[in-house]
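Heads up: the structure comes next, in structure tokens.
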Protein chains: 2
Amino acid sequence: MNMDTFIDPASVVAVPADQDLQARTRLLNAAVHIFDRKGYASASVREIAELAGVTKPVLYYYFGSKEGLLMAVLTEAQRLFTATVETAVARVGTARERIIGLCTDIYAMFEQHVPVVRVAHAVFLGPPEVAPPFDVTIFELSLRGAFAQIAADGVAAGEFRAGTTDDLAMAVMGILEGCNERQLHPAFEPVGAAGVRRLLDLLFDGVMNTPRV
Amino acid sequence: MNMDTFIDPASVVAVPADQDLQARTRLLNAAVHIFDRKGYASASVREIAELAGVTKPVLYYYFGSKEGLLMAVLTEAQRLFTATVETAVARVGTARERIIGLCTDIYAMFEQHVPVVRVAHAVFLGPPEVAPPFDVTIFELSLRGAFAQIAADGVAAGEFRAGTTDDLAMAVMGILEGCNERQLHPAFEPVGAAGVRRLLDLLFDGVMNTPRV
DNA sequence: GTCTATACAATGATAGAC
DNA sequence: GTCTATCATTGTATAGAC
């Protein structure tokens, strides 16, 4: 992919129309901003072009259509996501530490790129009938595959109880998703990286007061 | 609220334009159907009125605006939600059983009313700038309050470890949300009520193979 | 309460000059 | 590559007859 498509997080929230950036990059930043605030369907190409400081035909010259613009944003989100997962999976340590590490890495990446993540999140959970031709399930599948892999390692090493692999991956996904949604939703207070770790510790160690048999 | 606003789940997915129903009810069913499939922003009142078998002015006569129609749908969703939470909280048993009971009740209610829940879910997670004047946080707040109450009971009774109340509620919310999203998203296979219970058991009993100290 | 007909703004997209 | 000007369509909403 062209390096021109890189989205500078600071510029997204600060000055999308910074004249030092290329028109294509300014359009991407503006698109993330508007898609995030109004949703893809309610966003207008007019507004995006204005925010980017260019005219409408420039937008169509670079992206072909409104949907093409969304596709470019999603491609960028996928790049951020898979990079985070791959580097986190390669870590060493106990399975417990690796799972916590992957979760905190994902959580931190979401925190650093809230607008882009929110756009991708909205497409992922939104109505499939109007969704663009972008396989949004790769986010879920790759992340769950990573958790399942680490969990299987933990079971094989005797670190985790036998037969917990798939359920552990699913439970971790749920807890992480809950934390991320609280981070993405402006009405709630984020739990923070420490909170993510606390919730995962609860899952690993259990809740009951009586020792297991 | 008028009983006329009740949304028969079967009619929503089957024949929204059933002539035996009142125009207002047919409009509500059609709105849920269209909002669910295309999203609120992309849905057109033209299409909703046609599906309901009435003309546009009839829609505006009953609901005043497109947003009023969405508000009516959300109000119905809230009714379903709070009713489920209240009856589940009133149950007796151990805190662990009560938490599992509330989760499976919510899960089953979502399963029975997938279209309405998806619409409410989309508004809850969607962009706040275009959201209707409906406090979507009440879903999260009431549910988390219920979990925290039960968890506090469990801690007080010595059933759960001390200091786990809030984290337990958050972790349960996350796991439940993960299961519900897999149920609402057509690309994934639902975990089922048994899966929900398994994941919660994992949280209660812990994952580690070594006994806690 | 329900209809026909229409007002009117906004949309995504393009043609063609430069 | 970027502009001005414009098109065709669709959107929500309403006026007024019955």
Side-chain angles (χ1 to χ4, degrees), chain A residues 2-5 16-35 37-74 119 123 126-127 129-133, chain B residues 2-5 16-31 33-35 37-73 119 123 126-127 129-133:
Chain A
N2 195 333
M3 280 305 291
D4 193 34
T5 61
D18 187 343
Q19 292 297 332
D20 289 346
L21 297 171
Q22 298 293 334
R24 190 191 143 93
T25 305
R26 293 206 311 273
L27 276 167
L28 271 178
N29 293 346
V32 169
H33 192 87
I34 304 292
F35 286 162
R37 297 184 97 102
K38 329 241 299 195
Y40 171 71
S42 294
S44 80
V45 295
R46 233 190 274 280
E47 196 175 1
I48 294 172
E50 279 178 12
L51 184 59
V54 302
T55 56
K56 252 190 310 174
V58 176
L59 187 155
Y60 283 94
Y61 173 79
Y62 282 112
F63 299 99
S65 68
K66 181 183 177 184
E67 188 179 275
L69 189 49
L70 175 59
M71 289 290 290
V73 172
L74 292 179
V119 171
V123 175
E129 197 144 317
V130 292
Chain B
N2 196 331
M3 281 304 290
D4 191 33
T5 61
D18 187 341
Q19 291 298 331
D20 290 347
L21 298 170
Q22 298 293 332
R24 191 190 140 93
T25 305
R26 294 206 310 273
L27 276 167
L28 270 177
N29 293 345
H33 192 85
I34 304 291
F35 288 162
R37 298 184 96 103
K38 328 234 313 190
Y40 170 71
S42 295
S44 80
V45 295
R46 233 187 274 275
E47 195 175 2
I48 293 173
E50 279 178 13
L51 184 60
V54 302
T55 56
K56 262 187 301 175
V58 177
L59 187 155
Y60 284 93
Y61 174 81
Y62 282 110
F63 300 99
S65 68
K66 181 185 175 182
E67 187 178 274
L69 189 49
L70 175 60
M71 290 290 289
V73 172
V119 172
V123 175
E129 198 145 316
V130 292

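In the text below, chain A, chain B and the rest are named by the order of the sequence lines, each starting its count at 1. The figures that follow rest on heavy atoms only: side chains count, while hydrogens, waters and symmetry mates do not.
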For atom [atom1] of [X] and atom [atom2] of [N], their distance in whole Å:
X       : N      : atom1 : atom2 : answer
A:Glu67 : C:dT11 : CD    : P     : 19 Å
B:Leu70 : D:dG11 : CG    : P     : 17 Å
B:Leu69 : D:dA13 : CG    : C1'   : 14 Å
A:Arg26 : D:dG1  : CZ    : P     : 13 Å
B:Tyr60 : C:dG1  : OH    : P     : 20 Å
A:Phe63 : D:dG1  : CZ    : P     : 13 Å

Exercise for the section: Answer with base, sugar-phosphate or nothing: what part of the nucleic acid does A:Ala41 contact at a heavy-atom distance below 4.0 Å? Expected result: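 Since no nucleic acid heavy atom lies under 4.0 Å of A:Ala41, the category is nothing.
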Exercise for the section: Could you tell me whether B:Ala49 contacts a base, only the sugar-phosphate backbone, or nothing, with contacts defined as non-hydrogen atoms closer than 4.0 Å? Expected result: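 Here B:Ala49 touches no strand at all.
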Would you give me the side-chain donor-acceptor pairs under 3.5 Å for residues 40-47 of chain A, sequence neighbours excluded?
from, atom 1, to, atom 2, distance (Å)
A:Tyr40, OH, A:Glu67, N, 3.3
A:Ser44, OG, A:Glu47, N, 3.1
A:Glu47, OE1, A:Lys38, NZ, 3.3

Completion exercise
Protein-proximity profile, nucleotides 2-10 of chain D, B/S/- by nucleotide at the 4.0 Å heavy-atom cutoff, equals BBB------
State the [atom1]-[atom2] distance between [X] and [Y], to the nearest 0.5 angstrom.
X       : Y       : atom1 : atom2 : result
B:Leu28 : B:Ile48 : CG    : CD1   : 10.0 Å
A:Leu27 : A:Tyr60 : CG    : OH    : 11.5 Å
B:Leu59 : B:Arg26 : CG    : CZ    : 12.0 Å

Handout entry: B:Asn29 and B:Leu21, any side-chain heavy atoms less than 4.5 Å apart
Key =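 They are in contact (side-chain heavy atoms under 4.5 Å apart), so the answer is yes.
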Problem - Heavy-atom check, side chain of A:Met71 versus side chain of A:Phe63, under 4.5 Å - result: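 Counting from C-beta outward, A:Met71 and A:Phe63 never come under 4.5 Å.
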Exercise for the section: Between A:Glu47 and A:Gly64, just flag the one whose closest nucleotide in DNA chain C comes earlier from the 5' side. Expected result: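 By nearest-heavy-atom nucleotide position, the 5'-most residue is A:Glu47.
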